[in-house]
Amino acid sequence: MSAILKDLKREFPEAETRLQFRNVFELLIATILSAQTTDEQVNTITRALFKQYNTPQEFAGLSPLELEPLINGCGLFRNKARSIIGASQMILERFGGQVPDSMEELMELPGVGRKTANVMLNVGFGKPGLAVDTHVQRVSRRLGFAENDNPEHTELILKSLIPVRQWGRAHHLFIWHGRAYCQAKKPKCHECPIAKRCPGRQT
DNA sequence: AACTCGGGGCA
DNA sequence: TGCCCAGAGTT
């Protein structure tokens, strides 16, 4: 694993989140919006959205019919609108207006599962967190680190193989690698910088 | 474990 | 036209 991370660091020296945000609440909204879509669409929508609303108080007071058109364009807009409003209300009424910074509390927020909670811990609060999304899951599977498609199990395996200080970096390296080379459909194994270390490579 | 939500992008 | 995309909740 350490050799793989070293090679990926050389390939992607600037690997980090592509989501644009100015505070943890904006990161939370952007991360909820990011489900099953691309980061570029999320950035466009988030930028426009936060020109109108900025605080949990403002989002908590919206109705779904008000918010849905504003986030249309990145899919799943009804679910995401309900999640954003519900999470804002819970942040306001239960967590004193502050986004919580523990796994347990984050996962109580509507629309926030284990992946989003880990992103908030790691990217938002600089705490230990390793988010397993579809990229991380697929890359881990092909590299032989994950033997099934249970993201929570993959998270535990990766955490056991990677020093805690590098969890965030490893998460982004796997994502960038998954986008650039290790795509789901037609992976570019012939150009892949770590193909020689990959038992799942295709010839 | 399977199903549903969903518009945009791309082959 | 068909299939996938920085997932989560329900059945």
Side-chain angles (χ1 to χ4, degrees), chain A residues 8 12 14-21 24-49 64-65 67-91 99-100 103-127 129-143 146-155 158-159 162 167-188:
Chain A
L8 290 180
F12 305 107
E14 306 296 319
E16 57 184 5
T17 183
R18 290 197 146 194
L19 295 179
Q20 298 170 357
F21 62 98
V24 289
F25 180 68
E26 192 169 336
L27 174 64
L28 176 67
I29 303 305
T31 308
I32 289 175
L33 289 175
S34 73
Q36 294 298 107
T37 190
T38 64
D39 46 8
E40 309 249 348
Q41 292 170 282
V42 172
N43 286 335
T44 301
I45 290 171
T46 303
R47 195 159 38 237
L49 186 60
L65 287 179
L67 183 54
E68 284 172 6
L70 300 179
I71 63 174
N72 197 356
C74 65
L76 310 178
F77 63 89
R78 289 193 186 90
N79 292 340
K80 291 174 181 178
R82 194 166 54 241
S83 297
I84 288 170
I85 293 169
S88 298
Q89 290 173 345
M90 185 177 287
I91 287 169
V99 180
M103 172 70 76
E104 294 73 20
E105 291 175 324
L106 282 164
M107 287 188 63
E108 291 183 34
L109 299 172
V112 177
R114 195 169 187 86
K115 181 263 175 181
T116 301
N118 269 313
V119 168
M120 294 308 300
L121 287 177
N122 172 26
V123 179
F125 296 105
K127 292 190 168 187
L130 206 169
V132 176
D133 55 32
T134 54
H135 284 308
V136 175
Q137 176 62 45
R138 181 179 66 258
V139 172
S140 301
R141 188 73 184 271
R142 287 176 175 162
L143 285 171
E147 58 269 21
N148 58 44
D149 283 326
N150 180 344
E152 186 170 355
H153 188 234
T154 302
E155 178 187 330
L158 293 178
K159 283 181 173 178
I162 301 171
W167 285 359
R169 170 60 71 88
H171 162 71
H172 291 113
L173 286 173
F174 273 35
I175 287 181
W176 282 51
H177 176 61
R179 289 195 332 163
Y181 296 103
C182 200
Q183 296 95 335
K185 215 49 182 303
K186 297 198 307 184
K188 302 175 180 172

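Chain letters run A, B, ... following the sequence lines, proteins first and then strands; every chain starts at 1.
- Ranking C:dA6, C:dC5, B:dG8 by closeness to the A:Arg138 side chain, first place goes to C:dC5.
- Rounding to the nearest 0.5 angstrom, the gap separating the CD1 atom in A:Ile175 from the CD atom in A:Glu16 is 12.0 Å.
- The distance from atom CG of A:Leu33 to atom P of C:dG7 is 12 Å, rounded to the nearest whole Å.
- Remark: P of C:dG7 and NE2 of A:His171 are 10 Å apart, rounded to the nearest angstrom.
- For the pair A:Lys115 (side chain) and A:Pro151 (backbone), a donor-acceptor distance under 3.5 Å is absent.
- Interatomic distance, CG of A:Asn72 versus CD1 of A:Ile45, reported as 7.5 Å (0.5 Å rounding).
- The two residues A:Lys80 and A:Thr37 come nearest to each other via the heavy atoms NZ-CG2, 4.1 Å.
- Residue A:Ile175 contributes atom CD1, which lies 16 Å from atom C1' of C:dC4 at whole-angstrom precision.
- Comparing the same atom, C1', in B:dC5 and in C:dC4 gives a spacing of 15 Å after rounding to whole Å.
- At a threshold of 4.0 angstrom between heavy atoms, the contacts of A:Val112 are confined to the sugar-phosphate backbone, with no base atom among them.
- Between A:Thr17 and A:Pro110, it is A:Thr17 whose nearest contact on DNA chain C lies nearer the 5' terminus.
- Put simply, NZ on A:Lys80 is 9 Å from P on C:dG7, counting in whole angstrom units.
- We find the CZ-CD1 distance between A:Arg78 and A:Ile71 to be 10.5 Å, quoted to the nearest 0.5 Å.
- Residue A:Leu19 is the one, among A:Leu19 and A:Met107, whose nearest nucleotide of DNA chain C lies closer to the 5' end (criterion: closest heavy atom).
- Place A:Lys186 and A:Cys74 on DNA chain B by their nearest nucleotides, and A:Cys74 ends up nearer the 5' end.
- The distance between atom CH2 of A:Trp176 and atom C1' of C:dC5, rounded to the nearest whole Å, is 18 Å.
- When each of C:dG7, C:dC3, C:dA6 is scored by its nearest atom to the side-chain atoms of A:Ala35, the top-ranked nucleotide is C:dG7.
- At C:dG7, one or more side-chain N or O atoms of A:Gln36 fall inside 4.0 Å of OP1 or OP2 (strictly under the cut-off).
- The interatomic distance linking A:Ile71 (CD1) with B:dC5 (C1') rounds to 12 Å, in whole Å.
- The listed nucleotides are C:dC3, C:dA8, B:dG6; the one nearest the side chain of A:Thr37 is B:dG6.
- Using a 4.0 Å heavy-atom distance criterion, A:Thr31 is classed as making no nucleic acid contact.
- The C1' atoms of B:dG6 and C:dG2 are separated by 15 Å, rounded to the nearest whole Å.
- Whole-Å rounding puts the A:Ile45 CD1 to C:dC5 C1' distance at 13 Å.
- Between B:dG8 and C:dG9, the distance separating the two C1' atoms is 23 Å to the nearest Å.
- Nearest to the side chain of A:Lys185, among C:dA6, C:dC3, B:dG6, sits C:dC3.
- Looking at the side chain of A:Asn79, the nearest of the listed nucleotides B:dC5, B:dG7, C:dA6 is B:dC5.
- Between A:Thr134 and C:dG7 there is a side-chain N or O to OP1 or OP2 distance below 4.0 Å.
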Evaluate the criterion side chain to side chain contact (heavy atoms under 4.5 Å, CB included) for residue pair A:Phe21 and A:Thr46; output intermediate values, then yes/no.
CA-CA 8 Å; A:Phe21 62 98; A:Thr46 303; over 6 Å; no
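- A donor-acceptor contact under 3.5 Å is not formed by the side chain of A:Thr38 with the base of C:dA6.
- Between A:Arg169 and A:His172, the side chains place no donor N or O within less than 3.5 Å of an acceptor N or O (distance only, hydrogens not considered).
- The phosphate of C:dG7 has neither OP1 nor OP2 within less than 4.0 Å of any side-chain N or O from A:Arg114.
- Comparing atom distances between the A:Arg78 side chain and each of B:dG6, C:dG7, C:dC3 picks out B:dG6 as nearest.
- At the heavy-atom level, A:Ala30 lies nowhere under 4.0 Å from the strands shown.
- Rounded to a whole angstrom, the distance from the P atom of C:dA6 to that of B:dA11 is 15 Å.
- C:dG7 atom P lies 10 Å from atom CG of A:Asp39, rounded to whole Å.
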